[in-house]
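Here is the naming used below: chain letters follow the sequence lines, and residue numbers restart at 1 for every chain.
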Amino acid sequence: MRSSTVYLRQRVKAVLNQAMEDLKADGVVPAEVQVQPDVEHPTSPEHGDYATNAAMKLAKPCRQSPKAIAEKLKIKLEARGQGILARVEVAGPGFVNLYLHPSALMQELQSVRVRSEAYGTDAWGAGRRLLLEFVSANPVGPLNIVSARAAAVGDTLARVLRSQGVHVEKEYYVNDAGNQAKLFGRSLYARWRQSLGEDVPVPEEGYQGEYVAACAAECAQARAAELKNASVEQAAEIFRSEGVARMVASHRHDLAEFGVEFDHWFSELTLHESGQVQAALDDLKTRGYIFEHEGAIWFKSTEFGDDKDRVLIKADGVPAYIAADVAYHRNKFNRGFTELVDIWGPDHHGYIARMKASMQALGHEADAFRVLIAQQVNLMENGQPVAMSKRAGIFITMADLIKDVGRDVARFFFLMRSTDAHLDFDLDLARKHTDENPVFYVQYAHARICSILRKAAGEGWVLCEANATPELTQPWAPEELAVIRSLTSLPEILEAAARNLEPHGLAFYLRDLATEFHRFYTVCRVLDSEDKKRSEARLALIDAIRIVLRNGLDLLGIGAPDSM
RNA sequence: GUCCCAGUAGCUCAGUUGGAUUAGAGCAACGGAUUUCUAAUCCGUUGGCCGCAGGUUCGAGUCCUGCCUGGGACACCA
């Protein structure tokens, strides 16, 4: 289904490579010279559809001026670019500007409709097996805003990577083994006893929010029979396991509401029970990165650039959190994944070095394990940050946010920022169902197109076959050419987003494409009975725009409505 | 004290891994456009010492060093 298509920019690159080979054959460029020239869109369209710095990169190894090489390259490009390039120009310090042949643009436009929902997909990522872990919140309370951000980014990243042929599985790590889970169990237990009129205090550092009492009641009802004769310790354990299970279920539910579904939910407890924590320890020991000191067992993480060595097994014999985490990531590799990507919250920044160290100690390449930090989110209302206090139980959850502004808006706002930058979430703007809200702006473009297509169908207009190039006697208008050029950028946008693990470029791209469409719409009437040929061509054009908008919105996990 | 992230228009942010005498959007402000396929639209104007100072080279918002400011992290917690 994912046939390998050569997109427009790749065709241009291929022409450039051929031209450079020709220069080698002529002896202009020494055979051993290897350069990777950039082919990019110039800032100003007057400088061509694409421009390359190949001549500047070749200048030094060839010991010639960039301009001289550019002139020679130009001749080869003109010969090799038949049917793709209309014009080649040398400019500035040695740039070579490439102007597309109109027929190449038309072919690409046709390709959008032929490939339809597969337009933009590629296969360069085939063969990679990547495990993407994100959210992984402690199952002791509702998901917060940062989790929502991580969910949006992780889910879209998975979709984008898959579109490029990478095999991706999404995983959620359930911290059901540690102190937090225990503390949660005891908090639930206390709340239950309180509800029975007894004076049992919630433990210090325990969980206070309103949801705790509600969860305690549900747990008590579900496990009533077992609780009847349980000791305090047994009861706390029952509340721990039941409470965690219910929290995990609610996380799963809330995430599904947000359009995010995981392939795996991985329990920390199973690592301990199956002996994998010990196995990881033994592995590190065999490799010589373990030592004992003051009754604790340490990992020599400083060997791999960490600030200090880290305790794996505490002096009391209990494994530290990181011991299970090392075992967990070792497990991921053992399952056959060749790349691990984690998305963590901002408070785990300092944790990266030691985890990377542990994976290197286990023999993996440094960049086989990568961590993205989903930075802090400030909810803004009336220009002020919304006050939140976890301690007092006053905080806006992911579920609250989605209920408030809607799933599409929430996702788009999170995906409009680079992941590792702080984000001010403008609630007032998010709530507006007007043109100021960028989500609706993009969706409106899609709906507008659908509306025209409906009208066209009703009036008996013919939407030409996907593989038929519309014939035109008059040249395309500038607004038409601009939007066609934008269309052809989707493949490179997706490739960049996947390679850099930065999905936000896609959101910006869609907004820009919507702008190009709206501009076109204002100037060019699609259905014009005076000019049937042009109308048919424009119908094909807006159909292609519809496809690209829809593909992009799908990858963002956002709806593409037919009408608004 | 050490480390990480950020600092670009009044506000929120892009800037394609160093490229073009002209650094871009959105919002806000001001002025225009609709007998039309959806005005949830479009066009125009105003707005900048890219935190500061050096350095690297043909070329720096982008890379290096130092400093300033904001946020975060620095457990035998998870």
Side-chain angles (χ1 to χ4, degrees), chain A residues 38 40-44 47 51 53 56 59-60 65-66 91-95 97 138 140 175 177-181 183 205 268 293-298 307-308 310-322 324-325 345-353 373 375-376 378 380 383 416-418 420-426 429 432-441 443-445 447-456 459 461 489 492-493 495-497 499-500 502 504-505 507-508 511-512 514-515 517-528 535 538-539 542 563-564:
Chain A
D38 300 315
E40 280 157 4
H41 300 285
T43 43
S44 163
H47 294 146
N53 58 358
M56 284 138 103
K60 222 169 244 177
S65 76
F95 285 100
N97 295 338
N138 272 329
V140 295
N175 296 122
N179 276 336
Q180 305 291 341
L183 208 49
E205 306 293 315
E268 179 189 355
H293 179 64
E294 293 180 348
I297 295 177
W298 295 68
D307 297 340
K308 47 181 287 195
R310 305 291 170 177
V311 169
L312 292 174
I313 306 290
K314 296 182 267 185
D316 61 6
V318 177
Y321 179 80
I322 190 173
D325 222 8
D347 50 335
H348 285 67
H349 212 296
Y351 197 72
I352 297 174
I373 293 295
Q375 269 295 355
Q376 186 185 322
N378 294 315
M380 304 293 285
M416 272 186 59
R417 297 282 177 268
S418 52
D420 61 356
H422 293 226
L423 164 60
D424 284 351
F425 194 110
D426 187 341
L429 178 62
K432 281 186 188 169
H433 284 227
T434 70
D435 56 336
E436 294 163 41
N437 193 323
V439 187
F440 300 124
Y441 180 83
Q443 290 182 322
Y444 180 60
R448 230 179 183 183
I449 291 170
C450 291
S451 170
I452 301 172
L453 291 173
R454 272 194 304 274
K455 182 181 164 75
E459 293 179 359
W461 289 91
S489 295
E492 65 202 76
I493 294 291
E495 180 175 342
R499 283 195 196 281
N500 303 325
E502 284 174 354
H504 70 283
F508 280 93
R511 209 203 44 202
D512 292 344
T515 298
F517 164 71
H518 287 309
R519 194 174 287 157
F520 154 83
Y521 175 92
T522 306
V523 176
C524 304
R525 182 163 179 95
V526 176
L527 301 176
D528 178 5
S535 298
R538 285 181 173 164
L539 276 172
I542 64 168
S563 63
M564 290 175 72

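- Listed nucleotides B:rC37, B:rU17, B:rC43 differ in distance to A:K455; the shortest reach to its side chain belongs to B:rC37.
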Fill in: Base-contact (B) and sugar-phosphate-only (S) positions in nucleotides 20-29 of chain B, heavy-atom cut-off under 4.0 Å, - elsewhere
B----SSSS-
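- Residue contacts shown for A:S563 include a base, since a base heavy atom lies under 4.0 Å away.
- A donor-acceptor pair is defined here as one N or O able to donate and one able to accept, closer than 3.5 Å; no such pair exists between the side chain of A:N53 and the backbone of A:M56.
- Spacing of C1' atoms, B:rC27 relative to B:rU36, comes out at 29 Å, to the nearest Å.
- Across all strands, A:A353 comes closer than 4.0 Å to no nucleic acid atom at all (heavy-atom distances).
- Here A:A315 lies in heavy-atom contact (under 4.0 Å) with a base.
- A side-chain donor-acceptor contact under 3.5 Å links A:W298 to the backbone of A:H293.
- One N or O on the side chain of A:N437 and one on the backbone of A:V439 form a donor-acceptor pair closer than 3.5 Å.
- Here the side chain of A:M56 is nearest to one of B:rC76, B:rG19, B:rG15, namely B:rG19.
- Taking atom NE2 of residue A:H41 and atom P of nucleotide B:rA14, one finds them 20 Å apart after rounding to whole Å.
- Across B:rA33 and B:rC50, the matching C1' atoms stand 35 Å from one another, rounded to whole Å.
- Side-chain proximity of A:H422 to the nucleotides B:rG71, B:rA14, B:rC37 is greatest for B:rG71.
- The C1' atoms of B:rA78 and B:rG71 are separated by 22 Å, rounded to the nearest whole Å.
- Inspection of the A:N175 and A:Y321 side chains reveals an N or O donor paired with an N or O acceptor under 3.5 Å.
- Contact annotation for A:N179: backbone-only contact, meaning every heavy-atom pair under 4.0 Å involves sugar-phosphate atoms and none involves a base.
- The NE2 atom of A:H349 sits 18 Å away from the P atom of B:rU2 (whole-angstrom rounding).
- Contact between the side-chain N/O atoms of A:R448 and the OP1/OP2 oxygens of B:rA39 is found at a separation under 4.0 Å.
- In the set B:rG71, B:rA78, B:rA6, the nucleotide with an atom closest to the side chain of A:D420 is B:rA6.
- Considering only side-chain N and O atoms, A:Y321 lies nowhere under 4.0 angstrom from the phosphate OP1 or OP2 of B:rA75.
- Centroid-to-centroid, the aromatic rings of A:F95 and A:H47 stay 6.0 Å apart or farther.
- Remark: A:K314 is in phosphate contact with B:rC77, judged by side-chain N or O atoms under 4.0 Å from OP1 or OP2.
- Here B:rG15 is the nucleotide among B:rU17, B:rG71, B:rG15 with the atom lying nearest to any side-chain atom of A:H504.
- Note: CD (A:E495) to P (B:rU17) measures 11 Å, nearest angstrom.
- Atom CG of residue A:L527 and atom OG of residue A:S535 lie 6.0 Å apart, to the nearest 0.5 angstrom.
- Note on A:N138: only backbone sugar-phosphate atoms sit closer than 4.0 angstrom, heavy atoms only; bases stay farther off.
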Response to the item:
Dot-bracket assigned to RNA chain B with the 3.5 Å Watson-Crick/G-U criterion, [ ] for crossing and | for other-strand pairs, is (((((((..((((..........)))).(((((.......))))).....(((((.......))))))))))))....
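- Candidate nucleotides B:rA39, B:rU12, B:rC76 were compared by shortest atom distance to the side chain of A:E294, and B:rC76 ranks first.
- Rounded to whole angstrom, the span from the CD atom of A:E268 across to the P atom of B:rC77 amounts to 14 Å.
- Its glycosidic angle being more than 90° from 0, B:rU16 falls on the anti side.
- For the ring-ring contact (aromatic ring centres under 6.0 Å, His included) test, no residue two or more places apart in sequence or in another chain qualifies with A:H348.
- Judged by distance alone, the side chains of A:R448 and A:H518 do bring a donor and an acceptor atom under 3.5 Å apart.
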